[in-house]
Amino acid sequence: FPFPFPHTPPHSPLLTSVNMADTEPAELVEAPVAPPTKDFPHRDAAMASGLSEKLVLKSFKEGGKKGVEIEGAADMSGLTCFCTRMISAEGNVLLLSTAMEGMNAVPDPEDPEERKGCSGRIAKLIISENEKEGKVAMVAYVPEAMKDQLNAIEWMKSVCDTELGGGVGGAPDDSSTDVWATCTAKEDPEKNFFFLKMKDNTLGAAIGFLRAKGLFQEDEEEDEGDNPAGDFEW
């Protein structure tokens with residue numbers, strides 16, 4: 001109703017007395033805003049490794065653009081986890097970590113450039129392949145708020161150890177933590193790990209782990225467009 005008392009005329013003395021004597025204006029409380037991200041240790045590490053600045057910045061930019069897309073899908077659908085492939089990293093785990101950093105970055109509202117990043121509240125496992133070198137790089141990220149629901153090392157290990165389609169191989173790197181895990185799986189014909197199968201199996205295994213934990217948002221609607229999470233390109 002437009003007024004506290006639906007059947008009271010707007011100029012009623014009763015309404016006036018309530019507004020003036022019995023209530024105080026409610027204070028607007030703004031939600032806390034995260035400060036812009038200033039430090040990018042993974043991007044810095046990639047630069048320090050000798051990788052070209054052009055490649056590093058390209059991966060960071062791709063991550064930033066993908067992050068905004070994921071944020072939009074999450075706002076519309078409520079998804080909390082996401083898996084996808086990245087192109088610019090070319091199977092290099094340092095570049096892929098840089099892309100993840102770009103995805104999670106909080107932009108500076110004063111920056112005139114287009115908005116990027118913004119998906120730090122979404123758990124993600126991202127994948128990049130290099131066919132020439134026969135390897136697949138993966139990075140898993142879990143926000144602190146989801147640590148009780150999801151573990152980055154377990155998520156990564158589930159992909160490495162999957163039996164789906166012949167498996168993927170590899171293992172989480174020793175530097176991995178509960179919230180950030182990395183891995184580079186390499187083709188090994190002697191162990192029946194072949195690049196093309198590995199490439200095809202990673203995404204399905206990552207999503208399968210989420211599905212088993214009840215964290216994958218299924219598209220249960222028959223009509224396209226009803227579930228932004230289901231329609232988004234995983």
According to a hydrophobic-cluster definition based on side-chain heavy atoms being under 4.5 Å apart (Ile, Leu, Val, Met, Phe, Trp, Tyr only), do [X] and [Y] belong together?
X    : Y    : result
M103 : F40  : no
V159 : I207 : yes
L196 : F193 : yes
I70  : F60  : no

Taking every non-hydrogen atom, the tightest pair across [X] and [Y]:
X    : Y    : value
V106 : T37  : N-OG1, 2.8 Å
A181 : A152 : CB-O, 3.6 Å
L125 : A206 : CD2-CB, 4.1 Å
A89  : L95  : O-CD1, 3.4 Å
P107 : A105 : CD-O, 3.6 Å
V56  : T98  : O-CG2, 3.6 Å

Could you tell me whether [X] and [Y] have a side-chain N and a carboxylate O separated by less than 4.0 Å?
X    : Y    : answer
E144 : K147 : yes
E90  : K132 : no
D75  : R121 : yes

For K213, all residues meeting salt bridge (Lys or Arg N to Asp or Glu O under 4.0 Å), sequence neighbours excluded
none
Under the salt bridge (Lys or Arg N to Asp or Glu O under 4.0 Å) rule, collect the residues that match up with D44, sequence neighbours excluded.
none
Could you tell me whether the side chain of [Y] reaches within less than 4.5 Å of the side chain of [X], counting heavy atoms only?
X    : Y    : answer
L215 : Q149 : yes
L150 : L210 : yes
L203 : M138 : no
T80  : M146 : yes
M86  : L96  : yes

[X] side-chain N/O to [Y] backbone N/O, donor-acceptor pair under 3.5 Å:
X    : Y    : result
D108 : P36  : no
K124 : S119 : yes
S176 : P172 : no
S128 : G91  : yes
S97  : V93  : yes
K191 : P189 : no

[atom2] on [Y] to [atom1] on [X], rounded to 0.5 Å:
X    : Y    : atom1 : atom2 : result
F195 : N130 : CZ    : CG    : 7.0 Å
R211 : C81  : CZ    : SG    : 12.5 Å
D188 : M198 : CG    : CE    : 9.0 Å
L51  : R43  : CG    : CZ    : 14.0 Å
F82  : Y141 : CZ    : OH    : 15.0 Å
C183 : M156 : SG    : CE    : 6.0 Å

So side-chain hydrogen bond (donor to acceptor under 3.5 Å, both in side chains) across residues 177-187, not counting sequence neighbours, yields N151-D178, D173-T182
Does the plane of the ring in F209 sit parallel, tilted or perpendicular to the ring in W155? Use 30° and 60° as the thresholds.
parallel
Residue from R85, K199, K135 passing salt bridge (charged side-chain N to carboxylate O under 4.0 Å, His left out) with E129
R85
